[in-house]
Structure formats: C-alpha cells, structure tokens
Number of protein chains: 2
Amino acid sequence: MGEVEQKEVNVTPIQAKTLAGKVYESIKSDIIRGELSQGSKIVESELALKYGISRGPLREAIHRLEQMKLILRVPHAGSRVVTLDIKTMHDIYTAREALEGMAARLAARHMSDEAIVSLQNLLDIHEQAISESEGKAYLQEEGNIDFHHRIANASQNQWILENLNGELYQLIRMCRYQSGQQPTRPATALAQHRQIASAIEQRDEELAELLMRRHINDAWKVVKKILELQHD
Amino acid sequence: MGEVEQKEVNVTPIQAKTLAGKVYESIKSDIIRGELSQGSKIVESELALKYGISRGPLREAIHRLEQMKLILRVPHAGSRVVTLDIKTMHDIYTAREALEGMAARLAARHMSDEAIVSLQNLLDIHEQAISESEGKAYLQEEGNIDFHHRIANASQNQWILENLNGELYQLIRMCRYQSGQQPTRPATALAQHRQIASAIEQRDEELAELLMRRHINDAWKVVKKILELQHD
DNA sequence: GAATTTTTTATTGTTGACAATTATTGGCTA
DNA sequence: TAGCCAATAATTGTCAACAATAAAAAATTC
C-alpha cells in the first residue's frame with residue numbers, strides 16, 4: 001500500500017448532510033452573489049416557502065448565517081442582510097491584516113519543505129496564467145485565493161484558520177463579487193506573493209509577517225478606491 | 001447642537017430578552033465554571049428538562065454556544081463541551097496576540113485624550129488595590145480584564161472587538177477558572193499595562209502593538225506552565 | 001467462541017400549530 | 001389637520017409530537 005497521506009483539511013467539508021446545512025449553503029450563495037441584496041429584510045416564512053422546508057431548520061440556517069456575519073439579527077424584529085459599507089470593509093481588512101500576518105509568521109515556522117516547494121510551483125503556474133491569458137480573470141482570482149489558503153493552512157493554528165476561511169474570506173468574496181472588481185494588479189500581487197514565499201522559505205518569520213501585512217494593506221487601498229468611486 | 005457623539009459600543013448588551021438567550025447565558029456559565037465538565041456529552045432532552053424549556057430554544061442556545069466555540073457539534077451525533085488542551089489554548093493566545101496587538105495599534109491612533117486619562121486612572125486604582133490588599137485576587141483579575149476591554153473598545157474596530165470580547169476572552173476565562181489560576185504576577189502585569197498606556201498616550205502605534213504582543217506572550221508562558229504542570 | 005448481521009433503543013432532525021411581541025393601520029381627539 | 005391612542009395584522013418565539021438517523025445490544029451463523 002502507498003503511504004500517501006490524504007491531505008484532507010477541514011475547510012467546511014460539506015457538512016451539509018442536514019436540511020439546515022443545505023439551505024444554509026443556498027442562502028449563503030444567494031447573499032454573496034447579491035440575489036438577496038444588501039440590507040434587504042429576511043422573512044422566515046418567505047424563505048421557508050421558497051426553499052420548501054419548515055421554519056425549524058431554516059431558523060438554524062439563519063443562525064449560522066448570523067454567525068458568519070452575513071446577516072444581522074435583532075430579537076423580535078427579524079434579520080437583514082449585512083451591508084458592506086466602507087467602514088465595515090475597512091474593519092475586516094484590518095482584522096485580516098492582523099490574522100494573516102500572524103499566519104504568515106507561523107507558516108514560516110511550521111510549513112514543511114515540500115509544501116514550500118509546492119507553494120512556489122503554484123506561483124509558477126500563476127505567472128504562466130497571467131502572461132498567457134490576460135483576460136482570464138477568474139483563474140487569476142482563484143490562484144490568489146489558493147495562495148492565501150495555503151498560508152492559512154500552514155499556520156497550523158485552528159482558530160486563525162477557521163476565522164480566515166470562515167467569516168473573513170466570505171465577506172471579502174461577497175464585496176468583490178458585488179462590486180464587480182476585476183483581478184486588479186495581478187503582476188504586482190504575484191511579485192508580493194513571491195516575496196512572501198521567499199521569506200517563508202528562508203524561515204524569516206519577521207519578514208514574512210511584515211510582507212503579508214503590507215500585501216493586504218495594498219489590497220485594501222485598491223478596494224477602498226473602488227468602493228469610494230461606487231458609493232458617490 | 002453638541003457634537004458629542006454617543007460612544008455606545010455593542011458589547012453584548014444583554015440580548016437575553018428571549019428564552020433561548022437566557023438559557024444560553026446559563027449554560028455558558030455552567031461550562032465556564034466547570035459544572036458541565038470538559039468533554040462531557042450534551043444531551044438536548046436532558047438540558048431541556050433541567051432548564052424547564054422545550055427543545056426549540058434550547059437548540060438555539062446550543063447553536064450559539066457552538067458559535068462561541070464552547071461546545072463542539074457533529075451532525076446526527078450530538079455535541080460535547082470543548083476540551084481546552086494545551087494546543088487549543090496556544091492557538092487562542094496566538095490569535096489573541098495578533099488581534100489585540102492590532103487593537104493596541106488602533107487604540108494609539110483613535111483613543112480620545114479623555115479616555116487615555118481615564119485609562120491611566122484605572123491603572124492607579126489597580127496599583128492601589130495591589131499594594132493594599134495582597135489577597136484580593138478577584139479585584140485584580142477584574143482590573144486586568146477591564147484594561148484589555150478598554151483597549152479593544154478604543155480600537156473602534158467592530159470585528160476585532162466582537163471576536164475578542166466574544167470568543168477569545170470567554171475561552172480564556174474558562175481556562176483560568178478551571179485551572180484555578182491565581183492572579184499571577186500582578187506587579188509585572190501592571191508595569192506592562194503602564195508601558196502600553198504610555199505608548200498609546202504618545203500615539204506611538206508601533207510601540208503599542210509591540211508591547212501588547214509581548215505582554216500577551218508573557219501571559220501565555222505562565223498559562224502554559226500551569227497547564228503542563230496540571231496535565232502530567 | 002468470534003464475528004457479523006439484525007433488532008432495538010436512544011438521540012437528533014423536522015414539522016405544523018400556538019403564543020407572544022412588535023410594527024402598522026385606522027380612528028379619535030385637540 | 002396634526003398628533004396620539006387603540007385595534008389589527010404580520011412576524012418572530014415557543015411548544016409538543018413525529019420521522020430519520022446513528023449508536024448499542026442481542027441473536028445468529030460460521
């Protein structure tokens with residue numbers, strides 16, 4: 001038998017074996033894609049009818065969405081889809097800067113040599129994708145996400161991992177999706193990714209954290225401009 | 001019109017106006033105080049009977065506890081009280097270091113002059129309490145918590161605020177409570193608090209973050225020793 | 001006697017009806 | 001007509017019974 005270990009990491013392993021879980025995924029998708037618009041009211045009986053389930057599991061789905069900060073709920077008054085204004089997004093990017101900076105530091109400490117090689121291979125593929133197809137925005141975006149996921153995984157910190165993958169990335173995806181952000185500055189981002197990977201390879205924790213924080217801060221500046229342009 | 005802005009921050013404003021909310025608070029207290037021991041199984045019907053409510057709101061309370069990472073739930077198999085082993089606590093303290101370090105940086109940027117004065121007054125009171133009553137462990141602990149709360153509030157970052165006050169502090173309180181940790185090194189902690197307050201007063205963001213991270217890292221070392229001593 | 005299959009039991013997931021609360025509307029008074 | 005109060009409607013919170021799933025126990029077979 002091969003000693004190949006299954007690198008299955010618990011990144012929301014489709015625990016949608018229950019009705020509430022499935023509906024949670026559906027509504028989450030609707031919110032991120034903007035089908036349920038920001039700030040719109042959530043009425044339990046409506047959604048229960050729409051998804052063909054009773055109010056019990058739907059309620060549980062709503063609670064999970066509240067946990068993911070995708071909806072805001074006030075007792076006896078119902079719930080609304082979250083509104084991603086500039087202040088909210090700034091808070092999120094700042095928190096992300098802190099957590100992912102720490103994740104990069106931990107990755108420099110814990111990432112295996114093979115994982116580092118694999119990470120750099122990923123960046124090679126990313127570079128190729130950029131030069132070959134200048135329009136393939138989607139692939140570039142996926143590559144970007146993949147890079148950050150690997151750093152978070154390599155941190156081996158369960159709390160940071162869950163919060164990055166869970167709340168933060170989803171809210172960022174939602175913002176990106178609904179503001180129609182193109183894969184801005186792909187070459188610049190790639191260069192920064194290479195720097196970070198290099199710092200990790202050299203086991204330079206301090207530098208890895210510094211570069212990651214700078215990288216995320218740069219990303220925020222771009223997002224901020226887009227949001228300001230949009231909401232004026 | 002006075003330009004005085006209401007600085008009311010949403011620190012869990014006792015939204016226990018519903019049955020589920022009250023029972024959530026009760027169970028949370030039981031878990032933190034160890035009445036429901038770590039790793040013990042949670043049976044819905046039992047708890048519903050114990051607290052005199054039906055399974056509906058109890059289920060909601062359980063979901064909230066899961067959200068706060070106080071219990072772990074697996075579909076169709078029930079839920080268990082979380083077990084705070086050393087690895088878990090290390091993850092939590094590391095995440096706290098990242099978030100609260102950033103909070104200190106933001107506090108140095110945003111905290112009002114009056115709030116800074118008030119913060120230093122708090123430290124004076126803390127110092128007095130230490131010298132006067134060497135045994136009043138509880139008060140010292142409360143002062144410690146109060147200090148960190150004020151920093152988190154001053155960050156004006158909703159995400160960081162909610163996650164520090166919500167999940168992280170509660171898990172830390174639970175660990176502290178159940179391991180019977182005395183208010184270790186009160187003089188040292190106070191000195192570090194003064195340093196941090198001073199950095200904030202001087203609006204030195206870099207220093208404030210650095211000192212806060214060092215402070216939390218020191219606290220972790222103490223906790224780690226206690227846990228190692230306990231679980232051997 | 002050990003292992004596997006089947007039956008039983010315990011626990012969670014789901015449902016629809018009922019109660020409580022809040023928001024809305026209509027009517028009344030100043 | 002404007003403002004306030006009461007009645008109504010809509011929505012959330014709660015309950016108890018039912019269905020489905022998974023764990024535990026018993027029985028059967030090799």
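Values below: every heavy atom of this structure, side chains too, minus hydrogens, waters and symmetry copies. Lettering follows sequence order; numbering is per chain, from 1.
- For the 3.5 Å distance criterion, the side chains of B:Glu97 and B:Trp220 fail to qualify, holding no donor opposite an acceptor.
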### Base-contact (B) and sugar-phosphate-only (S) positions in nucleotides 12-21 of chain D, heavy-atom cut-off under 4.0 Å, - elsewhere
BBBB-----S
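- Under the side chain to side chain donor-acceptor pair (under 3.5 Å) criterion, B:Asp218 pairs with B:Gln192, sequence neighbours left out.
- Applying the side chain to side chain donor-acceptor pair (under 3.5 Å) rule to A:Gln178 yields the partners A:Gln38; only residues at least two apart in sequence or on another chain are considered.
- Look at CG on A:Leu47: it is 18 Å from P on D:dA10, rounded to the nearest Å.
- Protein atom CD of B:Glu46 is 11 Å distant from nucleotide atom C1' of C:dA10, rounded to whole Å.
- For the salt bridge (charged side-chain N to carboxylate O under 4.0 Å, His left out) condition, the pairs that include at least one residue of residues 103-112 of chain A, sequence neighbours left out, are A:Arg105-A:Glu205, A:Arg105-A:Glu206, A:Arg105-A:Glu209, A:Arg109-A:Glu205.
- For residues 80-89 of chain A, the pairs satisfying salt bridge (charged side-chain N to carboxylate O under 4.0 Å, His left out) are A:Lys87-A:Asp91, with sequence neighbours left out.
- Summarising the geometry, the separation between CZ on A:Arg64 and C1' on C:dG13 is reported as 12 Å, rounded to the nearest angstrom.
- Residues that satisfy the side chain to side chain donor-acceptor pair (under 3.5 Å) test with A:Arg176, not counting sequence neighbours, are A:Glu141.
- Rounded to an integer number of Å, the gap from OH of A:Tyr51 to P of C:dT15 is 15 Å.
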